[in-house]
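Residue numbering restarts at 1 for every chain, and letters A, B, ... go by the order of the sequence lines.
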Amino acid sequence: MEKTEIIEGVGAFPVGHWHASGSTQPLDWDKITTDEILPTVPWTLEQYENVLFCFFSEVRHDRYLKNTLSGVAMPVTALWASFSHLSSKYEVGPIIDVEHHFRFFRNLKPGESTVLSGSITAKYEKKSHFYIEWETKCHSTKKEPIFIFNHTIIDLREAS
Amino acid sequence: MSGSAENTEVYRKTINCFLGWSRRNVYPPHPNIHTDHHFAQERGFDSAIMSASQVVPHLHEALIELLGEQIFFNQTDVRYKMVNPVGAEGSITIIIIRQSPTKLDLKVNNEQDKLAIVGVATIT
């Protein structure tokens, strides 16, 4: 199949990857351990990012489009935060998203300062697929819980 | 929530699929299963697939529409598995069935009526 040439840097879209940095290490399924603590990192979802996620998902609702403090973050931003949280420690390769388990304690407000924390909760091999599970907790800077997100993925690099 | 009987379908909506993952997105780098048909086929898919992060917002919206913001963002535990991929063409149908006053079964079917996402929402 013919590949389309990409002009490097043009339109590069880093939204949703708040915690990746040059210091992260490639995710190595063999070395990752259950109960391993993931870094505790600050996270702020800006309103323009919330709107971009609406556009990206083809979801439109006024609750997400208000440019005020009464705005509401799309629930899927918790999924992006979870993934970004894992990326604060590991450079993740190709994956398949398998399972989401989450609960909000209140809605997240775009622009508010929060903290993400959590750990690797399981890793296992099943039918030659390499699974990783982790948990991300989001709370306000006053330690008020906002959401908890449990995420399961298959690491495709190991399977390929 | 409308209706009162148990095991009742309380929500059904069909949406068109789409492939909206930019090849210039930072992660995952192109080529990937959302941007490159050949890459996806090498990994067992028929073609490039929709990202879960583009499908599940529609399931979340269905729950908010059904339950209201107050209940969804304060009292609802949501859990689902992606059991089959969603291609970029055709449509998906979101179906919610009330099993009890506090338990909802969640399903997303693809255009062939094959289950793509299955889960449960529990109101606590």
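- Side-chain atoms of B/H58 come within 3.5 Å of backbone atoms of A/S57 as a donor-acceptor pair (strictly under, hydrogens ignored).
- Of the listed residues (A/R106, A/H61, A/R63), the one with the most heavy-atom contacts under 4.5 Å to chain B is A/R63.
- Counting heavy-atom pairs closer than 4.5 Å to chain B, the top-ranked of the candidates A/I148, A/D97, A/V98 is A/V98.
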Original post:
Can you list the steps and then say if B/Q75 with A/F105 is a side-chain contact (heavy atoms from CB on, under 4.5 Å)?
Top reply: CA-CA 7 Å; B/Q75 296 172 243; A/F105 299 95; over 6 Å; no
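- Salt bridge annotation for A/R60-B/E61: absent, with no cationic side-chain nitrogen under 4.0 angstrom from a carboxylate oxygen.
- Contact record, B/S53 with A/V76: O-CG2, 3.7 Å, taken as the closest heavy-atom pair.
- Between the side chain of A/R103 and the main chain of B/N74, a donor-acceptor pair closer than 3.5 Å is present.
- Ring geometry, B/F73 versus A/F104: the interplanar angle exceeds 60°, so the pair is classed perpendicular (tilted spans 30 to 60°).
- Heavy-atom distances place the side chain of A/V72, and not its backbone, under 4.5 Å from chain B.
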Margin query: Between B/H60 and A/V59, is the side-chain contact (heavy atoms from CB on, under 4.5 Å) condition met? List the steps.
Written below: CA-CA 10 Å; B/H60 302 162; A/V59 166; over 6 Å; no
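- If you tally non-hydrogen atom pairs under 4.5 Å between each of A/L108, A/V92, A/I95 and chain B, the highest count goes to A/V92.
- For chain A, the nearby part of B/I64 is the side chain; its heavy atoms alone come within less than 4.5 Å.
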